[in-house]
Trainee: 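Can you keep this structure in mind? I'll have questions shortly.
Side-chain atoms are counted along with the backbone in the values below, which use heavy atoms only and exclude waters and symmetry mates. Residue numbers count from 1 along this sequence.
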Amino acid sequence: MRKRMITLALVLGLVLGGCGKTADSGGENGIGSEEPGGVSLSAAGTLPGENGDGTADSESVTAPEGSGEAGAGTPGGAGSGTGTPGGAGSGAGTPGGAGSGAEAPGGSGSENGTPVVQGGPFGELSVTLPAGWKYELCPIDSDELMNGRYGIRFSPDDAEEGYIELCYIERFGVCGTGLEEETVTIAGVPAFKGVYDGHGYWDFISFQENFQGVVALTACVEGWWSEYGEEATEILETVSFDPQVKEGGAWVYHEESQEEQIGLSLTLEEISASGATLHYNQFDAKAPTGELQDGDDFVIEVKKDGGWEMAPLAVEGDYGFHDVAYSIPAGTVTERELDWTWLYGELAPGEYRIRKSIADFRKTADYDRYELCAYFFLN
């Protein structure tokens, strides 16, 4: 079951520095996205739209000594290399698995280090790691990150626990209690560096301007920070973010994605041009007056000229859906697999929303009807 639990009132806290030390929106120290359930949000009308698609599971490898052949796992398809500063070359990757035999996604190792690249729907994120550092790629929907939509997790080879996450978060927010913050310049752009409770390592570095949305977070690093902390901070000088290079699609939070009266929210994962996985999160078991139900029916609309209209159909003449009702159990997350190619074909890049009808069913002819919308975009 996916880890995302969406509630309008809560903000997901992150593990801060020491293991077991957590925070939320009401605690002493808090770091996270400013949206329900730690899922980053984006305002409608400001969505990216370039080319690419797909998702994949995380991949873990170790930066090599010196030079060597390299390959990159490409989420949602065949692996491919991408030239990046600090190295060149290409090789086959293995998307959707743990490790591929490739040692440097997007380039080859060199004396300057190994370029590590993670693509995503908001832009391409990269960092160069020196010899002796390991990393894990976390594509969108992999649910491997503490926070953020996708990114790169790295740590020293000999670290038994703890890591740094370099990730993309649409709207990064923090709790001010116990926080000391300063403005620094890293990788040539301004950034906010935050430290909680005066400990000897930074908790977050939030990049600004052209790198807006890129955030570095530490977790459980006390055991190795005294030895590697300075080098870890130097690694961030190699961070790069290219918002023009986008791939895949992403769900976007909207107020129409949640209905408090029945305690239900709607999200999407594994989005492609042909379908997606829909998630119903029933977060308040006492809210419905009966059993929540949905059916096979749905409508996809596309944003055009600032308004919404039905997406072009791929079928001619009449069409219909099975007249069935599926239960949405209370207090759980329920998944539905959607394949819309039979009705809409493969969707072109753009901004979309799926409309789903929900019934709060008490008995025959006694129910209330609600409609939820899941917003998403495709590059």
Trainee: Between L236 and A187, which heavy-atom pair has the shortest distance, and what is it?
Mentor: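 The pair with the smallest heavy-atom distance is O-CB, 3.6 Å.
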Trainee: Quick check: closest heavy atoms across Q282 and A330, and the distance to 0.1 Å?
Mentor: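 Looks like OE1-CA, 3.5 Å.
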Trainee: Starting at SG of C373, measure out to CD of Q258 and round the result to the nearest 0.5 Å.
Mentor: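 Answer rounded to 0.5 Å: 13.5 Å.
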Trainee: Less than 4.5 Å apart, any side-chain heavy atom of V117 and any of L125?
Mentor: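 With C-beta onward as the side chain, the pair stays apart.
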Trainee: Work out which heavy atom in A314 is nearest to a heavy atom in G345; give both atom names and the distance.
Mentor: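 The pair with the smallest heavy-atom distance is CB-N, 3.5 Å.
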Trainee: Looking at every non-hydrogen atom in both residues, tell me the closest pair between L179 and Y196 and how far apart they are.
Mentor: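 The answer is CB-CE2, 3.6 Å.
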Trainee: Considering residues at least two apart in sequence or located in another chain, which fulfil the ring-ring contact (aromatic ring centres under 6.0 Å, His included) criterion with F241?
Mentor: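 Only Y168 meet the ring-ring contact (aromatic ring centres under 6.0 Å, His included) criterion with F241.
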Trainee: Quick one, R362 with D368, criterion side-chain contact (heavy atoms from CB on, under 4.5 Å). Give me CA distance, side-chain angles, the key distance, then yes/no.
Mentor: CA-CA 9 Å; R362 291 174 290 275; D368 296 315; 3.0 Å; yes
Trainee: Answer yes or no on whether R153 is positioned over the face of Y163, meaning its NZ or CZ is under 6.0 Å from the six-membered ring centre and within 45° of the axis.
Mentor: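 The answer is yes, since R153 meets both limits relative to Y163.
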Trainee: Would you say the side chain of E237 lies within less than 4.5 Å of the side chain of I186, judging by non-hydrogen atoms?
Mentor: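 Side chain of I186 against side chain of E237, heavy atoms only: contact under 4.5 Å found.
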Trainee: Does D297 offer a backbone N or O that forms a donor-acceptor pair with the side chain of K356 under 3.5 Å?
Mentor: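 It does hold such a pair.
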Trainee: Roughly how far apart are S272 OG and F376 CZ, rounded to 0.5 Å?
Mentor: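 Here the interatomic distance stands at 9.0 Å.
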Trainee: Tell me if a side-chain donor or acceptor on E144 pairs with a main-chain N or O of C138 at a distance below 3.5 Å.
Mentor: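 Here the side-chain-to-backbone pair does not exist.
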Trainee: What closest approach, in Å, do F283 and L264 show between heavy atoms, and which atom pair accounts for it?
Mentor: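 Closest heavy-atom pair between F283 and L264: CE2-N, 3.4 Å.
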Trainee: So which of L166, T128, I152 actually passes side-chain contact (heavy atoms from CB on, under 4.5 Å) with V116?
Mentor: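 One option only clears the test, and that one is I152.
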Trainee: Does the E259 side chain pair with the main chain of Q261, one donor and one acceptor, at a distance under 3.5 Å?
Mentor: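 Judged by distance alone, yes, a pair lies under 3.5 Å.
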Trainee: Do the non-hydrogen side-chain atoms of K246 and P121 ever get within less than 4.5 Å of each other?
Mentor: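 No - every pair of side-chain heavy atoms lies 4.5 Å or more apart.
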Trainee: Under the salt bridge (charged side-chain N to carboxylate O under 4.0 Å, His left out) rule, collect the residues that match up with E371, sequence neighbours excluded.
Mentor: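 Checked E371 against salt bridge (charged side-chain N to carboxylate O under 4.0 Å, His left out); matches are R355.
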Trainee: For F172 and F204, run ring pair (Phe, Tyr, Trp, His ring centres under 6.0 Å): C-alpha distance rounded to whole Å, both residues' side-chain angles, the deciding distance at 0.1 Å, then the answer.
Mentor: CA-CA 10 Å; F172 180 66; F204 67 85; 5.3 Å; yes
Trainee: Could you pull out every donor-acceptor pair under 3.5 Å between side chains of residues 320-328 and any protein atom, sequence neighbours left out?
Mentor:
from	atom 1	to	atom 2	distance (Å)
Y326	OH	D296	OD1	3.0
Y326	OH	D296	OD2	3.4
S327	OG	E291	OE2	2.9

Trainee: Could you walk me through whether E124 and S126 pass side-chain hydrogen bond (donor to acceptor under 3.5 Å, both in side chains), step by step?
Mentor: CA-CA 7 Å; E124 184 180 81; S126 67; 5.6 Å; no
Trainee: Between I140 and W251, does a side-chain contact (heavy atoms from CB on, under 4.5 Å) hold up when you go through it step by step?
Mentor: CA-CA 10 Å; I140 194 165; W251 166 79; over 6 Å; no
Trainee: Holding to salt bridge (charged side-chain N to carboxylate O under 4.0 Å, His left out), I want the full list of residues that pass it with E256, two or more places apart in sequence or in another chain.
Mentor: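 R353.
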Trainee: Does W340 use its side chain to pair, donor to acceptor, with the backbone of I300 at less than 3.5 Å?
Mentor: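 Checking the backbone N and O of I300 against the side chain of W340, no donor-acceptor pair under 3.5 Å is found.
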Trainee: So if you build clusters from Ile, Leu, Val, Met, Phe, Trp, Tyr with side-chain heavy-atom gaps below 4.5 Å, do F361 and I262 land together?
Mentor: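 In one cluster with F361: I262, no.
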Trainee: Around atom CD of E309, are there more than 12 heavy atoms of other residues, nucleotides or ligands at under 6.0 Å?
Mentor: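 Check passes, neighbour count above 12.
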Trainee: Do you reckon F192 sits in the same ILVMFWY cluster as W202, going by side-chain contacts under 4.5 Å, direct or chained?
Mentor: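 F192 does not cluster with W202.
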Trainee: May I have the step-by-step check of side-chain contact (heavy atoms from CB on, under 4.5 Å) for D158 and Y228, ending in yes or no?
Mentor: CA-CA 11 Å; D158 58 1; Y228 294 106; 2.9 Å; yes
Trainee: Taking E301 for its side chain and I354 for its backbone only, find out whether a donor-acceptor pair lies under 3.5 Å.
Mentor: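 Checking the backbone N and O of I354 against the side chain of E301, no donor-acceptor pair under 3.5 Å is found.
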Trainee: Walk me through whether R336 and T277 qualify under side-chain hydrogen bond (donor to acceptor under 3.5 Å, both in side chains).
Mentor: CA-CA 6 Å; R336 301 274 191 261; T277 301; over 6 Å; no
Trainee: Quick one, I358 and Q293 - any side-chain contact, counting heavy atoms below 4.5 Å?
Mentor: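 With C-beta onward as the side chain, the pair stays apart.
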Trainee: Looking at side-chain heavy atoms only, is the closest gap between W133 and V127 below 4.5 Å?
Mentor: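 W133 vs V127: side chains apart.
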Trainee: Could you tell me whether the side chain of L217 reaches within less than 4.5 Å of the side chain of V215, counting heavy atoms only?
Mentor: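 Yes, at least one pair of side-chain atoms sits under 4.5 Å.
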Trainee: Nearest 0.5 angstrom please: L378 CG to E346 CD, how far?
Mentor: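 If I round to the nearest 0.5 Å, the distance is 10.0 Å.
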Trainee: Taking all non-hydrogen atoms of both residues, which atom of R369 and which atom of S357 are closest, and how far apart?
Mentor: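 Looking at all heavy atoms of both residues, the closest pair is CD-OG, 2.8 Å.
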Trainee: Give a yes or no on whether a salt bridge exists between R149 and E170, defined as a side-chain N under 4.0 angstrom from a carboxylate O.
Mentor: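 Judged by the 4.0 Å cut-off on N to carboxylate O distance, R149 and E170 do form a salt bridge.
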Trainee: Could you measure the distance from the CD atom of Q212 to the CG atom of N210? Nearest 0.5 Å is fine.
Mentor: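 Between Q212 CD and N210 CG, I get 10.0 Å after rounding to 0.5 Å.
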Trainee: Could you check whether any side-chain N or O of T332 sits under 3.5 Å from a backbone N or O of T334, counting only pairs where one atom can act as donor and the other as acceptor?
Mentor: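 No, T332 side chain to T334 backbone: no donor-acceptor pair under 3.5 Å.
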Trainee: Look at the aromatic rings of Y150 and F122 and report parallel, tilted or perpendicular, splitting at 30° and 60°.
Mentor: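 Rings of Y150 and F122: parallel, as their planes differ by under 30°.
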Trainee: Quick one: pull up CD in Q208 and OG in S206 and give me the separation to the nearest 0.5 Å.
Mentor: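 Between Q208 CD and S206 OG, I get 4.5 Å after rounding to 0.5 Å.
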Trainee: Output all residues satisfying salt bridge (charged side-chain N to carboxylate O under 4.0 Å, His left out) with D284, sequence neighbours left out; order by chain, then residue number.
Mentor: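 Scan of D284 (salt bridge (charged side-chain N to carboxylate O under 4.0 Å, His left out), adjacent residues dropped) gives none.
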Trainee: Just jot down the side chain to side chain donor-acceptor pair (under 3.5 Å) partners of D339, sequence neighbours excluded, or say none.
Mentor: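 Scan of D339 (side chain to side chain donor-acceptor pair (under 3.5 Å), adjacent residues dropped) gives T341.
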Trainee: Between E165 and M146 (side chain of the first, backbone of the second, donor and acceptor by atom type, cut-off under 3.5 Å), is there such a pair?
Mentor: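 Here the side-chain-to-backbone pair exists.
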Trainee: Report yes if the side chains of D294 and Y280 come closer than 4.5 Å at any heavy-atom pair, otherwise no.
Mentor: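 Counting from C-beta outward, D294 and Y280 do come under 4.5 Å.
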Trainee: Just verifying a value: how many Å separate E180 CD and H199 NE2, rounded to the nearest 0.5 Å?
Mentor: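 Going from CD on E180 over to NE2 on H199, the span is 9.5 Å.
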Trainee: Are more than 12 heavy atoms from other residues, nucleotides or ligands located less than 6.0 Å from atom OH of Y367?
Mentor: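 No, not enclosed.
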Trainee: Do you see a donor-acceptor pair shorter than 3.5 Å between the side chains of T233 and E231?
Mentor: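 No pair is found: no donor N or O on one side chain lies under 3.5 Å from an acceptor on the other.
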Trainee: Has the side chain of K134 got a donor or acceptor atom that lies under 3.5 Å from a matching backbone atom of A159?
Mentor: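 Yes.
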Trainee: Set out, in order, the CA-CA distance, both residues' side-chain angles and the distance that settles side-chain hydrogen bond (donor to acceptor under 3.5 Å, both in side chains) for W224 and E160, then state yes or no.
Mentor: CA-CA 9 Å; W224 51 263; E160 295 183 359; over 6 Å; no
Trainee: Strictly distance-based, threshold 3.5 Å: is any side-chain N or O of Y352 a donor or acceptor partner for the main-chain N or O of A374?
Mentor: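 Checked: no pair found.
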Trainee: Dump the intermediate steps for side-chain hydrogen bond (donor to acceptor under 3.5 Å, both in side chains) on Y370 and D360, then the final yes or no.
Mentor: CA-CA 8 Å; Y370 299 88; D360 185 0; 4.9 Å; no
